[in-house]
Protein chains: 2
Amino acid sequence: MISSPQTESLIKETAKKVLFQKGLLYATTQEIADEAGVNRALIHYYFRSREHLIATLFEEAIAERKARFLNILGMDAPLQTKIATFIDVFIDRATQNPHIDNFIIGEMIRRPNEVKFFCIKDSKLKERLQLQLDEEISKGTIKPISLTHFLVNLSSLCNYPILAKPILQTIHGMSELGYKKFLQERKKVIFKTIFKNNFQNGTSDPAIH
Amino acid sequence: MISSPQTESLIKETAKKVLFQKGLLYATTQEIADEAGVNRALIHYYFRSREHLIATLFEEAIAERKARFLNILGMDAPLQTKIATFIDVFIDRATQNPHIDNFIIGEMIRRPNEVKFFCIKDSKLKERLQLQLDEEISKGTIKPISLTHFLVNLSSLCNYPILAKPILQTIHGMSELGYKKFLQERKKVIFKTIFKNNFQNGTSDPAIH
DNA sequence: GTCTATAACAGGATAGAC
DNA sequence: GTCTATCCTGTTATAGAC
């Protein structure tokens, strides 16, 4: 039906759309093929098996997430700027692909052994973040906390509202639009929850303006 | 193989175990029957269809969660006690059933229309919490924040580390035991993240001791 | 109430024509 | 590279014996 060598990436992009955006976490090859407007057999032609297609998406999703994580937290900037950027990027990204974390977690549960992901233990990044965190603590802008808990707090506050979108929407009675506004508000809230002081007006902060 | 009228609840409890504890979110009727040691046909005898069994578990899971939520936040106590109890109960409960939130969220994504859950908007509970929150804010023990964001902060900090267990374990390199210790530590960390002051020693706080 | 047997079907995968 | 046809397996569901 659709010609040419872009078919492979068409299938991959469609599969992402179906799994990550639509949230059809059990999507069959038929559903993916239909959505892409290609024949089901082509999925096997390009990806050998459904399992292999899923594994490919899974690895790419993790690689992308890892890159964002390391790029932002590894950049040469004050901790406050890093955190503000982290919040901004992760919330915006998750808004576009609301179910990607559900997918990743589901896959990791499904095959607990094959999981690779990445580990920041004993890395240079960890040492540098630790120094920056200690500095903020001694300045009094952050309450005493271990680096691990600090990072988990940050991830929790950013990711949970996306992950649990349907729960939040019903508990707090939010429309689709209300939810979107809520997520944007959250950027400031998360920052204020983590830091004792607020960002000053006029600083070059990408998230708060 | 196993006699008697408790078979219905045996199937239900086993299905919970398989779905919530083992994390086999796609579990087939065969797997559930095997685990329970009963014949597969009995699942249909008692629950008509697989879909119907899942729906039953889903509704009960939500009802249980709602009850806990309302009981704890609705009790007659200072806000700090409510929050400490909330943290304690939710983390301990989630430790026993690590995948229940994945299940709930997955089901809600799967059928966005049928979702009931519950809504605290315009409830008496909401008004009372709002008063307590305002009080804490004026006392200076909590930074200015809306009730919705306050509750989402609380849920995020409690639930994300459970929901994203496999991610946290790999990123921060935690063993199974390390993860358990980490969750217990978190009870204090979450409380300190939400309240400006710490709990005094000697108060009758169920979570911090 | 519990079991066996079997129907009915969906999904993944492959072979082979074009 | 793309399609049709087909195979095969696993899964749900039901009928009917006990």
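Basis for what follows: all heavy atoms, side chains included, without hydrogens, waters or symmetry-related copies. In what follows, every chain begins at residue 1, and chains take the letters A, B, ... in the order their sequences are listed.
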Discussion item. In whole Å, I'd like the distance from the CD1 atom of B:I54 to the P atom of D:dA13.
Written reply: 11 Å

Worksheet item: Does B:S49 have a side-chain nitrogen or oxygen under 4.0 Å from the phosphate oxygens OP1 or OP2 of D:dT12?
Response: no

Worksheet item: Given D:dT12, D:dG1, C:dG11, which nucleotide is nearest the side-chain atoms of B:H44?
Response: D:dT12

Worksheet item: Rounded to whole angstroms, how far apart are CD1 on A:I43 and P on D:dG1?
Response: 16 Å

For nucleotides 4-9 of chain C, list the nitrogen or oxygen atoms of the protein found under 3.5 Å from its nitrogen or oxygen atoms, one pair per line.
unit_1 : atom_1 : unit_2 : atom_2 : d
C:dT4  : OP2    : B:N39  : ND2    : 3.2

Practice prompt. Please examine the side chains of A:Q21 and A:Q96, heavy atoms only from C-beta on, and report whether any two atoms are closer than 4.5 Å.
Written response: no

Worksheet item: Less than 4.0 Å between a side-chain N and a carboxylate O, is that true for B:R93 and B:E64?
Response: yes

Discussion item. Donor-acceptor check, side chain of B:R128 to backbone of B:G74, threshold 3.5 angstrom: yes or no?
Written reply: yes

Practice prompt. Please state how far atom CG in A:D34 lies from atom C1' in C:dG12, giving the value in whole angstrom units.
Written response: 15 Å

Discussion item. From CZ of B:F47 over to C1' of D:dA13, roughly how many Å is that when rounded to an integer?
Written reply: 16 Å

Practice prompt. May I have the distance from B:E31 (atom CD) to D:dG10 (atom P), rounded to whole angstrom?
Written response: 12 Å

Discussion item. By nearest atom, which of the nucleotides C:dT2, D:dT12, C:dG12 is closest to the B:R50 side chain?
Written reply: D:dT12

Worksheet item: For A:L53 and C:dG11, what is the distance between atoms CG and C1' respectively, to the nearest whole Å?
Response: 15 Å

Worksheet item: Which class fits the ring pair B:F69 and B:F86: parallel under 30°, tilted 30 to 60°, perpendicular over 60°?
Response: perpendicular

Worksheet item: Expressed in angstrom and rounded to an integer, what is the separation of A:L42 atom CG from D:dT2 atom C1'?
Response: 5 Å

Discussion item. Measuring from the side chain of A:Y45 (C-beta onward, heavy atoms only), which nucleotide among C:dG12, D:dT12, D:dG1 has the closest atom?
Written reply: D:dG1

Worksheet item: In terms of side-chain geometry, is the basic nitrogen of B:E127 or B:K124 positioned less than 4.0 Å from the acidic oxygen of its partner?
Response: no

Fill in: Carboxylate-amine/guanidinium proximity below 4.0 Å for B:K22 and B:E31
no

Worksheet entry | Atom-to-atom span, CD1 of A:I11 to P of D:dG1 - whole angstrom | 11 Å

Discussion item. For a quick test of reading the model: is some side-chain N or O of A:Y46 closer than 4.0 Å to OP1 or OP2 of D:dT2?
Written reply: yes

Worksheet entry | A:T7 side chain near D:dT2 phosphate (N/O to OP1/OP2, under 4.0 Å) | yes

Fill in: A:H149 ring center within less than 6.0 Å of B:F182 ring center
yes

